[in-house]
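Written out below as structure tokens is the structure these notes cover.
Throughout, residue positions are numbered sequentially from 1 according to the sequence presented. Counting convention: from 1, in listed order, for ligands and their atoms alike.
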Amino acid sequence: MSWWSEFANRIERDTPLGRHTWYRLGGPARYLFRPRDAEDLASLLTRAKHEDIPVKVLGSGANVLISDDGFDGVVVRLDNDAFCTTTRRGTSLEVGAGVDLMPLARRCSEQGLSGLECLAGIPATVGGAVRMNAGGRFGEFGTVVREIEVLRTDGGVETWPHDRIGFQYRRSDLGDGIVLSAQLELVEDDPDRVKRTFDDMLKYKERSQPLADRSAGCVFKNPVGQSAGALIDQAGLKGARYGKAQVSRRHANFIVAEHGATASDVLHLIDLIRERVRNVFGTELETEIEIWKPVRARRRDE
Ligand SMILES: Cc1cc2nc3c(=O)[nH]c(=O)nc-3n(C[C@H](O)[C@H](O)[C@H](O)COP(=O)(O)OP(=O)(O)OC[C@H]3O[C@@H](n4cnc5c(N)ncnc54)[C@H](O)[C@@H]3O)c2cc1C
């Protein structure tokens with residue numbers, strides 16, 4: 001019997017991960033697991049830990065670049081109903097980690113609930129947005145998060161208040177914890193005004209970013225006091241290509257993937273940008289996107 005037998009009808013083997021990411025790139029996951037609920041996920045984590053098999057959670061795959069060799073472990077997707085519910089109590093929302101934030105932000109704006117407009121044009125699940133503190137010049141998701149429910153790798157569940165989550169620029173202090181749900185605190189406002197703000201922010205994004213292309217958003221974090229996109233542009237790299245990957249002409253901090261691109265094309269372009277920006281400006285760029293490299297899992301089932 002293999003270690004994963006008890007999860008068999010929730011596990012897919014050797015599943016291509018590209019179809020679950022915005023880049024649509026990346027090799028297969030050895031196991032793709034869709035837990036029924038938090039308890040099911042906790043059992044899987046315990047088993048995987050015992051077997052020394054790495055586990056990663058994938059939200060909507062909008063901030064990850066997965067290697068062409070895939071991921072030799074368990075990839076968890078929280079897309080079952082248990083993780084995708086939204087409950088409103090006044091101006092508070094209890095949202096599951098798998099909830100798709102953009103439609104939620106639009107619905108809230110139509111109902112005159114303000115606080116999520118800054119997420120217009122940012123694809124994310126609640127879990128991914130907590131980890132990344134998704135946002136930009138108009139605000140950040142962390143501001144409206146009052147507390148989260150976190151599953152630890154040993155299977156225990158904890159409630160973390162806002163201050164413990166450690167929201168910073170495009171990161172949080174979640175560590176290995178898996179977000180199960182979040183409680184958001186929004187503000188009641190005039191629906192017309194909130195909707196207009198949401199639409200204006202979305203239009204700004206559509207004008208300035210290649211939202212229709214395959215990407216994972218901004219590749220690099222902005223160095224303190226600088227814009228990564230401006231540095232890449234000034235280094236003469238707008239439009240630069242490697243294979244079927246290209247530095248976007250609309251926004252130089254986006255690398256877009258054309259038909260036939262590989263993750264390796266994007267990785268080459270990332271290295272090239274880093275090297276050029278280092279040589280021209282002496283600035284070290286840090287990636288904002290998360291790169292999933294293949295990990296060798298110890299296997300007992302084969
Ligand atoms: C066109 C485009 C535009 C974008 N613009 C912006 C922008 O303006 N601002 C911005 O901040 N980002 C932007 N992004 C990046 C992306 O939208 C955000 O980083 C978003 O938060 C990713 O959420 P996700 O659910 O897709 O997470 P994923 O990409 O699936 O995962 C991101 C990280 O979160 C972790 N994670 C996912 N779910 C959970 C969970 N339940 N518990 C714990 N960890 C979890 C993953 O393991 C991974 O480490 C853009 C991306 C695209 C494609």
Exercise. Give a yes or no on whether the backbone of Cys218 and the side-chain of Asn253 come within a donor-acceptor separation of less than 3.5 Å.
Key: no
Quiz item: Which heavy atom in Val130 sits nearest to a heavy atom in Ser172, and how many Å separate them?
Solution: O-OG, 3.4 Å
Exercise. Check each of Gly136, Gly135, Ser208, Gly96 against atom 10 (C) of ligand 1 and report the one with the nearest heavy atom.
Key: Gly135
Practice problem: Using a strict 4.0 Å cut-off to heavy atoms of Lys205, name the atoms of ligand 1 that fall inside it. | Solution: 7 (C), 8 (O)
Quiz prompt | Heavy atom of the protein closest to atom 33 (C) of ligand 1 (residue, atom name, distance) | solution = Arg131 CD, 3.7 Å
Practice problem: Report the part of Ala216 (side chain from C-beta onward, or backbone N, CA, C, O) that has a heavy atom under 4.0 Å from ligand 1; answer both or neither where that applies. | Solution: backbone
Self-check item: Within-cut-off N or O pair, Asn63 and ligand 1, under 3.5 Å
Solution: yes
Practice problem: Have a look at ligand 1 and work out which part of Arg170, if any, has a heavy atom under 4.0 Å from it: side chain, backbone, both or neither. | Solution: side chain
Exercise. Show which atoms of ligand 1 fall inside a sub-4.0 Å distance from at least one heavy-atom site of Ala129.
Key: 21 (O)
Practice problem: Please report which non-hydrogen protein atom sits nearest to atom 42 (N) of ligand 1, along with the residue it belongs to and the distance in Å to one decimal place. | Solution: Val179 N, 2.8 Å
Quiz item: How close does the nearest protein non-hydrogen atom get to atom 39 (C) of ligand 1, and which residue and atom is it?
Solution: Gly127 C, 3.6 Å
Quiz item: Are Leu58 and Ile291 grouped together when hydrophobic residues (ILVMFWY) are joined by side-chain heavy atoms under 4.5 angstrom apart?
Solution: no
Quiz item: To the nearest 0.1 Å, how far is atom 52 (C) of ligand 1 from its closest protein heavy atom, and which atom is that?
Solution: Gly217 N, 3.4 Å
Exercise. Identify the protein heavy atom lying closest to atom 27 (O) of ligand 1, giving its residue, its atom name and the separation to 0.1 Å.
Key: Gly128 CA, 3.6 Å
Exercise. Taking Asp233 for its side chain and Lys238 for its backbone only, find out whether a donor-acceptor pair lies under 3.5 Å.
Key: no
Exercise. For the pair Trp3 and Tyr31, name the ring-plane relationship: parallel under 30°, tilted 30 to 60°, perpendicular over 60°.
Key: perpendicular
Quiz prompt | Nearest neighbour in protein (non-hydrogen) for atom 26 (O) of ligand 1 | solution = Ser60 OG, 2.6 Å
Quiz item: With respect to atom 18 (C) of ligand 1, which of Ala97, Ala182, Pro123, Gly121 exhibits the smallest heavy-atom separation?
Solution: Pro123
Quiz item: Near Ile178, which atoms of ligand 1 are under 4.0 Å from a heavy atom of that residue?
Solution: 42 (N), 43 (C)
Quiz item: Under 3.5 Å, is there a donor-acceptor pair linking the side chains of Glu188 and Thr91?
Solution: no
Quiz prompt | Of the listed options Gly98, Gly177, Pro210, closest to atom 43 (C) of ligand 1 (non-hydrogen atoms) | solution = Gly177
Quiz item: Do the ring planes of Tyr242 and His268 sit parallel (below 30°), tilted (30 to 60°) or perpendicular (above 60°)?
Solution: parallel
Quiz prompt | Residue among Val75, Asp79, Ile66, Leu32 satisfying side-chain contact (heavy atoms from CB on, under 4.5 Å) with His20 | solution = Leu32
Quiz item: What closest approach, in Å, do Leu78 and Val179 show between heavy atoms, and which atom pair accounts for it?
Solution: CD1-O, 3.7 Å
Exercise. Among all protein heavy atoms, pick the one closest to atom 25 (O) of ligand 1 and tell me residue, atom and distance.
Key: Thr125 OG1, 2.7 Å
Quiz item: If you count the atoms of ligand 1 from 1 in the order shown, which ones are under 4.0 Å from a heavy atom of Ala134?
Solution: 11 (O), 21 (O)
Quiz item: If you count the atoms of ligand 1 from 1 in the order shown, which ones are under 4.0 Å from a heavy atom of Leu78?
Solution: 41 (N)
Quiz item: How far apart are the closest heavy atoms of Ser60 and Trp22, and which atoms are they?
Solution: O-CD1, 3.1 Å
Exercise. Could you list which atoms of ligand 1 come closer than 4.0 Å to a heavy atom of Met132?
Key: 19 (O), 21 (O)
Quiz item: For Ala62 and ligand 1, does the shortest N/O to N/O distance drop below 3.5 Å?
Solution: yes
Quiz item: Out of Arg146, Arg88, Arg89, which residue meets the salt bridge (Lys or Arg N to Asp or Glu O under 4.0 Å) rule with Glu185?
Solution: Arg146
Practice problem: From the options Val57, Leu211, Thr21, Asp176, select the one whose nearest heavy atom is closest to atom 47 (O) of ligand 1. | Solution: Val57
Quiz item: When clusters are formed by joining ILVMFWY residues with side-chain heavy atoms under 4.5 Å apart, either directly or through shared neighbours, do Val256 and Val219 land in the same one?
Solution: no
Exercise. Can you label the angle between the Phe7 ring and the Phe33 ring as parallel, tilted or perpendicular, going by 30° and 60°?
Key: perpendicular
Self-check item: Nearest protein heavy atom with distance in Å, relative to atom 49 (O) of ligand 1
Solution: Glu290 OE1, 2.5 Å
